[in-house]
**Q** 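Supplied in structure tokens, the structure appears directly below.
Atoms within a ligand are numbered from 1 in the order they appear, just like the ligands themselves. Quick note: numbers below take in every heavy atom, side chains included, and nothing from hydrogens, waters or symmetry partners.
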Amino acid sequence: MPTPHIEAQKGEIAERVLLPGDPLRAKFIAENFLENAKQFNSVRGMLGFTGSYKGEKVSVMGTGMGIPSISIYAHELIAEYGAKKLIRVGTAGSLNANVKIRDLVIAQAAATTSSIVRNDYPQFDLPMMADFGLLDRAYHTAEKLGMTSHVGGVLSSDLFYGDIDQLALGKLGFQAVEMEAAGLYYLGAKHQVATLAIMTISDSLVTGEETTSEERQATFTDMMQVGLETLLDER
Ligand code: HPA
């Protein structure tokens, strides 16, 4: 049963999966938010754990950075292990003056510089969209927790160090740039499972501000709460 990148046996991974980019964040979540967490993966250091959250079986696994990396893990989790609800939790850079550092961005849709969708469907300009049930629940959970959140478009860029004018999308109302959401949403569409990406703003391309690692840890903890509560969605 193990796949090329995940050494778990069938049944060791939950249908509900939280996906931070950093595998050490996956470990942090397992240790601080899940009960009876058991590690199911260490291949390539991409740590994955399954435990329970409010009585529900939940898994958490790192994805690495960028669409190629998250696509490998999300594909195997969905196609081989039966994951049905997958939520990316990460950081993003603000493209819009309204979106401040430490705010939460819930990606309703993701544009991308990647060719993943174009390769398969060259005849369409397809929007990559979040699952509405997860989106709705994340928004209301963030509101209940008193977090400032924005629902809208993000750019999933292939390059962290690129030269394209990403702020042009800010002028179209796009909120932030990150590197994975469109890949996850495409796989959700392809396999008809629910996907969502939520990100805290770690830096602003508009003002040049950056968060400290302590601030990132604090906002990350709030976001975890949103991610885990949203995974409990019954729809
Ligand atoms: N670009 C891409 N991904 C990011 C950024 C950024 O500026 N900030 C956090 N993730």
**Q** Considering both backbone and side-chain atoms of Asp203, is one of its nitrogen or oxygen atoms within less than 3.5 Å of a nitrogen or oxygen in ligand 1?
**A** yes

**Q** Report, in ascending order of atom number, the atoms of ligand 1 lying under 4.0 Å from any heavy atom of Gly93.
**A** 5 (C), 8 (N), 9 (C)

**Q** Hey, is Ser157 one of the residues with a heavy atom under 4.0 angstrom from ligand 1?
**A** no

**Q** Nearest protein heavy atom to atom 10 (N) of ligand 1, by residue and atom, and its distance?
**A** Thr91 O, 3.5 Å

**Q** Considering the heavy atoms of Met179, write down every atom of ligand 1 situated less than 4.0 Å from one of them.
**A** 2 (C), 3 (N)

**Q** By number and element, which atoms of ligand 1 are closer than 4.0 Å to a non-hydrogen atom of Leu205?
**A** 7 (O)

**Q** Using a strict threshold of under 4.0 Å (side-chain N to carboxylate O), is an ion pair present between Asp120 and Lys190?
**A** yes

**Q** Under 4.0 Å from ligand 1, counting heavy atoms only, is it the side chain of Ser202, its backbone, both or neither?
**A** side chain

**Q** Would you mind checking which non-hydrogen protein atom is closest to atom 4 (C) of ligand 1, with the distance to 0.1 Å?
**A** Val177 O, 3.6 Å

**Q** So, Glu229 versus Tyr53: side-chain donor-acceptor pair below 3.5 Å or not?
**A** yes

**Q** Does Asp125 CG have over 12 foreign heavy atoms under 6.0 Å away?
**A** no

**Q** Would a single hydrophobic cluster contain both Tyr139 and Val99, if residues Ile, Leu, Val, Met, Phe, Trp and Tyr are joined by side-chain heavy-atom contacts under 4.5 Å?
**A** no

**Q** Can a salt bridge be assigned to the pair Glu15 and Lys85 using a cut-off of 4.0 Å between side-chain N and carboxylate O?
**A** no

**Q** Answer yes if the side chains of His150 and Gln175 hold a donor-acceptor pair under 3.5 Å, and no otherwise.
**A** no

